[in-house]
Amino acid sequence: MADHDLLIEQLGRSIEPVKRPFQPGWRALSWVALALPCGVIAGVILNRTLTDWSQPGAWWALVQLLLTFIAGALAVRNAFLLSIAGRNALGWKWFTPLAALWLAGTFSNLHLHRVLPVSTAVEGPNCYLFMVTVSVPMAFIVIAYLRRTRTLFPARSLAAAGAGVACMALTLLALCHPTHISLADLMLHIAAFSTIVLATIALGYKWVSLP
């Protein structure tokens, strides 16, 4: 088309208004507000017993719950930050203290478990099944959030998002799990965490990548 002004006018008529997305922090908070209730609903079908906070080790379990919640929210925020060109995501210096405190609580819990009677074993569906189940709606919601803006770094964004979802799954697990854990519990938690991250990347890569 030789008449550039006419082309611009035609394109201008066909373009719809663009609704600006929220800032990454607000997007992360809105995701938490939407995703956590969906995770709770998904977990209800597994019929687990709520945590008895009078058990030994309840203090460390509560600290770990708060740490996983904070880490999950920050990881999801990182996923949204990575979808914006020129924005720097939070580095390892933010997550190292959270991970160190979580590991300290885990090792303390493992030591406590060795002195508890065997009758306090975990009841109901195993931890792996619970974490994967509650993560399903949360993962689909975060993928939908990322799809709206797409991302220059789909693998990194989805890995961060998957880590956030896995942390939130751990947070929900803490609400229906004995306050003490065994080595088998820890292995199930790590296996579920890895599964959630890999599944989020695999399911969302096509949807959040730029054309």
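Positions are given from 1, in the same order as the sequence printed here.
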Exercise for review: Determine, step by step, whether Leu188 and Leu129 satisfy the side-chain contact (heavy atoms from CB on, under 4.5 Å) criterion, reporting the C-alpha distance in whole Å, the side-chain angles of both residues, the deciding distance to 0.1 Å, and the verdict.
Suggested key: CA-CA 9 Å; Leu188 286 172; Leu129 176 62; over 6 Å; no
List in chain and number order the residues that pass side-chain contact (heavy atoms from CB on, under 4.5 Å) with [X], two or more places apart in sequence or in another chain; answer none if no residue qualifies.
X	answer
Leu36	Val32, Phe69, Met138, Met168, Leu172
Leu65	Trp53, Thr171, Ala174, Leu175
Ile190	Leu186, Met187, Ser194
Ile70	Leu74, Leu98

Point to revise | Residues, nucleotides or ligands: over 12 heavy atoms within 6.0 Å of Phe140 CZ | key: no
Atom pair [atom1]/[atom2] of [X] and [Y] - distance to nearest 0.5 Å:
X	Y	atom1	atom2	value
Leu46	Asn126	CG	CG	9.5 Å
Phe130	Arg48	CZ	CZ	6.0 Å
Thr68	Leu173	OG1	CG	9.0 Å
Leu158	Ile143	CG	CD1	6.0 Å

Using modelled atom types and a 3.5 Å cut-off, is there a donor and acceptor pairing between side-chain atoms of [X] and backbone atoms of [Y]?
X	Y	answer
Thr51	His177	yes
Ser135	Val132	yes
Asn78	Ala75	no

**Study point:** Where at least one partner belongs to residues 200-211, residue pairs that pass side-chain hydrogen bond (donor to acceptor under 3.5 Å, both in side chains), sequence neighbours excluded
**Key:** none
Practice item. Give every residue pair that meets the side-chain hydrogen bond (donor to acceptor under 3.5 Å, both in side chains) criterion with at least one member in residues 150-169, sequence neighbours excluded. Key: Thr151-Ser157
Review point. Taking it one step at a time, do Tyr145 and Val76 satisfy side-chain contact (heavy atoms from CB on, under 4.5 Å)?
Key: CA-CA 10 Å; Tyr145 268 58; Val76 171; over 6 Å; no
Taking all heavy atoms of [X] and all of [Y], pick out the closest pair and write down the distance.
X	Y	answer
Ala166	Met131	O-CE, 3.9 Å
Ala163	Val197	N-CG2, 3.7 Å
Cys38	Pro137	O-CG, 3.7 Å
Ala79	Ala161	CB-N, 3.7 Å
Gln64	Gly105	NE2-C, 3.6 Å
Pro154	Val208	CB-CG2, 4.0 Å

Practice item. Check side chain to side chain donor-acceptor pair (under 3.5 Å) between Ser54 and all other residues, then give those that pass, not counting sequence neighbours. Key: Asp52
State yes or no: do [X] and [Y] share one hydrophobic cluster built from I, L, V, M, F, W and Y residues joined by side-chain heavy-atom distances below 4.5 Å, directly or via other members?
X	Y	value
Val165	Leu198	no
Leu50	Ile41	no
Tyr128	Leu170	no

Point to revise | For Leu101, the option from Leu67, Thr96, Thr106 that meets side-chain contact (heavy atoms from CB on, under 4.5 Å) | key: Leu67
Exercise for review: Give the intermediate values and the outcome of side-chain contact (heavy atoms from CB on, under 4.5 Å) for residues His189 and Ile181.
Suggested key: CA-CA 10 Å; His189 298 174; Ile181 64 171; 4.3 Å; yes
